[in-house]
Amino acid sequence: MTQFNETELTAAVIRSFDQTPDPRAKFLLQELVKSLHDYVRRTDLTFEEWDQAIGFLTRTGQKCTDIRQEFILLSDVLGVSMLVDAVNHRDRDGATETTVLGPFYVGEHKVTPHGTDISASLPGERMFVQSRVTDLGGKPLANVPVDIWHADDDGFYDSQKPSYATEGPSSRARFITDADGRFFFRTIVPCSYPIPTDGPVGQMITQTNRHPMRPAHVHFLVNAKGYEPLITHVFVEGDKYIDSDVVFGVKDELIAKVERRTDPVMPDGQRSDGPWSLMTYEFHVKPGGGMAPAPLGAKVTEDA
């Protein structure tokens, strides 16, 4: 029987995948083995540390539900989500910058009329969002579905609340761009908020003395037919966590000035009951195929 030492063991495990039919799967598995084995050797990993890692991953999986993905959160705080995003979007050609999907995209956005207040039942400073979708040359793109979602004034997404199952979504909707590529809606000004800290990922952040905060932002998923799906955020300029996002998602181009306004009439001609804020942002998408990702565990459909 072969007696494997630490070097021969790695080579043997790599060879064990030699007959993998899918060349890409073979490559990914063999590279994973190399990286994992190298990590164990470089760190002189102990049995206790290995056991703790297995327990951590087990608890991470146990925390996942249909509306919460703790593994996405783990990927986010380790910077892996943004790294995968970066290597898949190296050449933007003038297209709007991308960022992480995040763990709160639940795939249940309903088509909503322009101008709707998607946070009508929530307290908070009112905000009018006006936006436009174009190609790289500035041509407006009509009939484009745009999903949006953001946290409330207390820093919670609708899917984090017990009432979500009975009351349905809030601060979450899908808009279809008009003939000029535009869409607009009312909501509340989002605030900075902590990632969930009641699970293993939050506990890791606390134990390593990292803060759990994300700067205020609105999520956008632009899914124009014939163009690359655009998954991004628009961040509120001046947020105190803009330079220390716990998931490393901020890019300069994605920071928008949110203007405080006192005009009695909003841009769509409707009257305002008091002071409000205005967010304006234009999205540029590049030609390409593919579909926007569905949340893990969800069925992939044409309108997901």
Side-chain angles (χ1 to χ4, degrees), residues 65-69 73 101-131 145-176 183-198 202 212-221 232-242 245-247 249 254-281 295:
T65 69
D66 290 342
I67 57 174
R68 174 167 177 169
Q69 239 303 333
L73 193 61
L101 179 67
F104 298 113
Y105 178 68
V106 299
E108 294 182 4
H109 303 96
K110 305 300 182 184
V111 174
T112 305
H114 295 186
T116 298
D117 187 342
I118 64 171
S119 304
S121 63
L122 300 178
E125 181 181 338
R126 312 323 291 179
M127 181 171 73
F128 189 94
V129 179
Q130 57 184 12
S131 191
V146 181
D147 286 2
I148 72 94
W149 66 105
H150 68 81
D152 64 20
D153 200 41
D154 294 319
F156 291 101
Y157 286 82
D158 53 1
S159 60
Q160 292 178 278
K161 301 176 183 178
S163 60
Y164 180 72
T166 55
E167 296 180 10
S170 63
S171 303
R172 183 186 300 273
R174 173 174 294 174
F175 296 95
I176 307 297
F183 66 97
F184 57 91
F185 59 94
R186 290 172 172 76
T187 185
I188 57 174
V189 178
C191 65
S192 50
Y193 64 88
I195 62 168
T197 56
D198 61 338
M213 301 301 293
R214 297 219 63 204
H217 60 274
V218 178
H219 293 261
F220 292 86
L221 193 162
T232 196
H233 306 359
V234 176
F235 294 90
V236 176
E237 183 183 61
D239 189 282
K240 64 183 292 187
Y241 298 105
I242 206 80
D245 182 7
V246 68
V247 308
L254 301 178
I255 301 172
K257 183 177 182 179
V258 176
E259 304 173 57
R260 186 70 182 271
R261 306 290 288 266
T262 57
D263 314 37
V265 177
M266 290 187 174
D268 62 350
Q270 299 297 313
R271 295 193 63 81
S272 170
D273 294 332
W276 52 282
S277 292
L278 175 66
M279 174 185 280
T280 303
Y281 200 86

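This chain uses plain numbering: 1 for the first residue, then up along the sequence.
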Taking the six-membered ring for Trp, are F183 and F175 parallel (under 30°), tilted (30 to 60°) or perpendicular (over 60°)? parallel

Suppose we call two aromatic rings close when their centres sit under 6.0 Å apart. Are F104 and H150 close by that rule? no

Distance (rounded to the nearest 0.5 Å) between D245 CG and R214 CZ: 4.0 Å

Do other residues, nucleotides or ligands put more than 12 heavy atoms under 6.0 Å from the CG atom of D198? yes

Measuring from S272:OG to F128:CZ, what's the distance to the nearest 0.5 Å? 11.0 Å

With a 4.5 Å cut-off on side-chain heavy atoms, are H109 and P145 touching? no

Quick check for you: to the nearest 0.5 Å, what is the distance between S170 atom OG and D117 atom CG? 10.5 Å

Of the options L254, L101, L221, which is the one that meets T232 in a side chain to side chain contact (heavy atoms under 4.5 Å, CB included)? L254

Where is the tightest heavy-atom contact between S192 and D239, given as atom of each residue plus distance? CB-OD2, 3.4 Å

Calculate, to the nearest 0.5 Å, the distance between atoms CD1 and CD belonging to I188 and E125 respectively. 10.0 Å

Examine F156 together with Y193 and report whether their ring centres are nearer than 6.0 Å. no

Of all heavy-atom pairs linking V236 and I242, the shortest is O-CD1, 3.8 Å

Donor-acceptor pair, distance only, cut-off 3.5 Å: does the side chain of T262 make one with the backbone of P275? no

Side-chain donor or acceptor of R186 paired with backbone N/O of G115 under 3.5 Å: yes

Would you call H219 and Y105 a side-chain contact if the rule is heavy atoms closer than 4.5 Å? no

dist M266:CE -> R261:CZ (nearest 0.5 Å) comes out at 10.0 Å

Step-by-step side chain to side chain contact (heavy atoms under 4.5 Å, CB included) determination, L122 to D153: CA-CA 8 Å; L122 300 178; D153 200 41; over 6 Å; no

Identify the two heavy atoms, one from A216 and one from P190, that lie closest to each other, and give their separation to 0.1 Å. CB-O, 3.4 Å

How close do I118 and A173 get, counting heavy atoms only, and between which atoms? CG2-CB, 3.8 Å

Is there a side-chain contact between I148 and F220, using heavy atoms and a 4.5 Å cut-off? yes

With a cut-off of 6.0 Å (strictly less than), are more than 12 heavy atoms of other residues, nucleotides or ligands near NZ of K161? yes

Sidechain-backbone polar pair: D263 side chain, V265 backbone, donor-acceptor under 3.5 Å: no

For M279 and V258 the tightest heavy-atom approach is CE-CG2, 3.9 Å

Could you grab the distance from atom CE of M213 to atom SG of C191, nearest 0.5 Å is fine? 7.5 Å

Hey, is the main chain of I176 close enough, under 3.5 Å, to the side chain of H114 for a donor-acceptor pair? yes

Without swapping roles, check the side chain of D152 against the backbone of D154 for a donor-acceptor pair under 3.5 Å. yes

Minimum heavy-atom distance L278-W276, with the two atoms named: CB-CZ3, 3.8 Å

